[in-house]
Amino acid sequence: MKYTLFILGIITGSMLIISCSSDPEQATGGTGSAEVSEAKLDSLINLMTLDEKLDLIHASSSFTSGGVPRLDIPELVFSDGPHGVRHEHGRGWYALEDADDEATYLPVGICLASTWNKDLGYDYGEVLGNEAKERGKNVLLGPGINIIRSPLNGRNFEYLSEDPFLTGVMGVGYVKGLQAQGVAACPKHYTANNQETDRHNIDALISKRALHEIYLPAFKAVVQDGGAWSIMGAYNKVNGQYTTHHEYLNSTVLKGDWEFDGVVVSDWASVKNTREALLYGTDIEMGTELLRDFNNPVYEEFYLANPAKEMIENGDVDESFVDDKVKRVLRLMYRTTALTDHGPGKRNVTEHQQKALEVAREGIVLLKNDGLLPLEKSEIKTLAVIGHNANRLFAGRGGSSQVNAFYEITPLEGIRNLVGDDVEVVFAEGYEPYYDESLFRGEGGDAASQSRENREDVELARTANEDLIQEAVALAEEADAVIFVGGWIHGHEGMPWGQGTYDAEARDKLNLKLIFGQEELIRQINSVNDRTAVVLMGGSNVEMENWLPDTPAYLHAWYPGMEGGTAIAEILFGEVNPSGKLPMTFANSHEDYPSHSIGEFPGDGTVDYAEDIYVGYRYFDTQNKDVFFPFGFGLTYTTFEFSDLQVSKQDDKVMVEATVTNTGDREGAEVVQIYVHHKDPSVDRPIRELKGFEKVDLEPGASATVNIELDESAFMYYHPEDLKWVLESGSYEIQVGNSSRDIKMREEVIW
Ligand code: BGC
């Protein structure tokens with residue numbers, strides 16, 4: 001979609017009308033690469049031996065799948081994203097020393113979603129596509145679009161939202177921007193990879209309704225609206241079958257109903273069964289499970305290598321299943337830069353760093369402000385910056401999403417750069433990531449970290465350092481203002497991925513309690529200085545009840561990328577007006593979330609999604625439960641007014657028009673959020689569901705009229721017994737607001 005601005009006239013200042021129109025170039029990925037004909041693909045396949053075909057559908061090194069040199073068909077080259085092109089592995093399984101692999105480190109996925117800015121989704125993908133292309137990659141493993149079901153999931157930082165619509169819209173932008181550079185997106189992990197604990201084995205028990213209403217829509221959007229050329233299967237099972245070769249998810253839904261003609265790539269070592277992989281849609285097997293020796297890998301042992309050959313030669317499975325996979329792989333090669341030259345790409349250029357900065361500026365969320373912010377430089381002689389995270393680098397950790405950042409500006413640096421010599425900035429670490437190595441069990445790494453026992457280790461690394469607290473409090477007492485920067489971290493120095501980590505692959509958090517004694521530290525700082533702004537990093541919230549009431553300002557910064565420190569400083573000092581909105585509900589404790597209070601997390605062998613469709617605000621709002629900060633919420637330094645809601649229906653479309661006015665005295669951006677509610681449904685339905693949004697940037701006094709078109713699908717639900725989408729007649733309420741709990745205007749429409 002492309003957004004066209006029409007200047008209409010002056011109301012209060014100026015007035016913009018924003019409407020959406022489809023852009024055919026972006027819809028096809030915009031590479032200009034012609035779609036290859038079926039006949040061409042068939043003729044190529046006819047030239048291949050079975051061995052050559054099989055080479056194309058399994059790994060040939062850690063991040064390549066095989067080619068056919070005899071026919072000039074190259075290997076496909078993969079790289080992790082999702083927020084930067086990962087460091088080089090070469091053909092091996094360990095990072096290459098001295099590789100030329102520094103890259104742009106973008107803010108993480110959840111920060112991108114917090115921008116609610118569709119154009120930034122596209123730009124983000126475009127940066128990644130250019131950098132991937134420059135490094136010779138054909139497939140970038142992103143975006144991460146699993147739904148945030150529990151705040152404890154260690155990979156929430158890579159994902160986008162608890163809401164399928166927001167996830168889908170931002171994911172579609174990402175996919176289009178990326179693929180426009182000739183690099184395939186690989187949205188992951190399909191599907192319901194909503195926890196890391198026991199991720200290789202856990203069986204997620206989910207109703208068809210919850211699958212279709214919550215866990216599948218974003219995947220459907222990236223396939224159908226984004227045109228994704230590949231998709232990554234997940235490790236887990238869904239309702240008894242491994243997702244990477246799941247008959248219903250792959251054959252019936254993805255390749256059947258959605259007509260996906262791209263490639264299903266396994267997650268690394270997620271194939272578990274040759275027959276199922278052949279029959280149920282796995283197109284390329286990547287990964288390590290069958291590699292007994294990392295230093296001497298035998299790729300012929302992969303499920304889709306010799307074992308597959310045996311099955312086909314025995315006549316157990318027809319070769320046409322392999323041909324279909326090969327055809328998809330070849331199609332992807334034509335679509336990407338693998339077979340044709342789409343230009344050189346770009347890496348570490350200023351415009352990419354600028355994009356990282358823009359996403360951080362718009363994605364960081366101001367959650368509380370009792371008038372402390374923005375800070376006024378001229379009123380501060382001494383500023384105390386406190387907290388280990390103020391001075392910590394994040395790019396290189398967190399699991400497969402790690403990036404060798406070209407540079408990374410920490411909050412401390414960002415603040416120092418902004419205030420210059422005018423303000424004396426003093427720093428104290430305040431707390432330290434503490435762990436007692438003897439408490440960490442197991443070998444670490446992925447396999448060991450899957451066990452429930454190892455999860456307990458995280459709990460053991462919680463000790464506060466009293467000396468550091470005293471040093472910090474002494475600085476806070478003398479300062480004119482304090483900026484505390486804390487929150488979660490990806491992992492401890494020197495520890496394997498899975499150990500002692502919080503926001504990281506292969507790990508879930510145990511609870512939302514602030515780690516390393518930070519809660520005590522914040523309380524003590526607040527008691528000596530009532531001008532303290534708290535900035536937290538992390539892929540989720542933390543428990544807030546014990547420190548937030550006495551804290552005058554709180555900014556949630558996620559992991560804001562290589563320019564994150566700059567953006568944090570700009571927001572704190574008012575050079576940028578915050579406009580981020582939460583893509584997930586911030587309740588106090590993990591136990592408040594329906595995945596814990598109604599369903600199970602992390603389960604034991606199986607995990608029951610008993611909360612069904614009531615994920616995130618669908619639950620909190622419908623049940624009217626208290627939360628600290630609702631879905632869609634975020635403060636600004638100006639004020640906005642909503643007015644003139646008009647809802648009209650034409651044939652099978654509903655047009656929603658609303659005006660938003662900047663009534664404050666500084667420029668700012670607001671997100672107009674459109675929720676739909678069926679007033680008298682015959683089945684249980686949430687009190688509201690997000691179905692449209694638009695972010696508008698307005699000068700003081702200016703107004704914009706937002707036009708959003710809702711089609712039938714915005715009003716449908718998935719019938720739990722009939723197992724199909726249904727549009728029920730009746731009266732629907734269109735709710736317009738700037739968070740799920742701040743609905744400012746309502747209007748009815750009848751279907
Ligand atoms: C992760 C994927 C990642 C892959 C390759 C897996 O362990 O789950 O997200 O893309 O490794 O690094």
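Atoms within each ligand, like the ligands themselves, are counted from 1 in listed order. All of these numbers come straight from a predicted model, not from anything done at the bench.
Of the possible donor and acceptor atoms, none in the side chain of Ser270 sits under 3.5 Å from a partner among the backbone N and O of Ser266.
Of the inter-residue distances, the one linking Met286 atom CE with Leu141 atom CG reads 8.0 Å to the nearest 0.5 angstrom. To the nearest 0.5 Å, atoms CG (Asn138) and CH2 (Trp229) are separated by 10.5 Å.
Proximity to Met232 (heavy-atom distance under 4.0 Å) selects the following atoms of ligand 1: 10 (O). Those atoms of ligand 1 with a heavy atom of Tyr235 less than 4.0 angstrom away are 6 (C), 7 (O), 8 (O). Distances below 4.0 Å separate heavy atoms of Glu505 from the following atoms of ligand 1: 1 (C), 6 (C), 7 (O), 8 (O). The contact set between ligand 1 and Arg86, taken as ligand atoms under 4.0 Å from a residue heavy atom, comprises 12 (O).
When His89, His200, His189, Arg199 are checked for heavy-atom proximity to atom 9 (O) of ligand 1, His189 turns out nearest.
Relative orientation of the His246 and Tyr248 rings is perpendicular, given thresholds of 30° and 60° on the angle between their planes.
Contact annotation: for Lys188 versus ligand 1, heavy atoms closer than 4.0 Å belong to the side chain alone.
By the side chain to side chain contact (heavy atoms under 4.5 Å, CB included) test, Ala210 is found to be paired with Ile206, Ser207, Tyr215, Asp612, Ile613, residues two or more places apart in sequence or in another chain being considered. Considering only residues two or more places apart in sequence or on other chains, Ala228 meets the side chain to side chain contact (heavy atoms under 4.5 Å, CB included) condition with Val175, Gln179, Pro187.
With Phe394 as the fixed residue, the ring-ring contact (aromatic ring centres under 6.0 Å, His included) test singles out one of Phe157, Tyr559, Tyr105, Trp488: Tyr559.
In this structure, Glu158 falls outside the shell of residues with a heavy atom less than 4.0 angstrom from ligand 1. The shortest heavy-atom distance from Met286 to ligand 1 is not under 4.0 Å.
Close N/O approach between Asp80 and ligand 1 is found [any backbone or side-chain N/O within under 3.5 Å].
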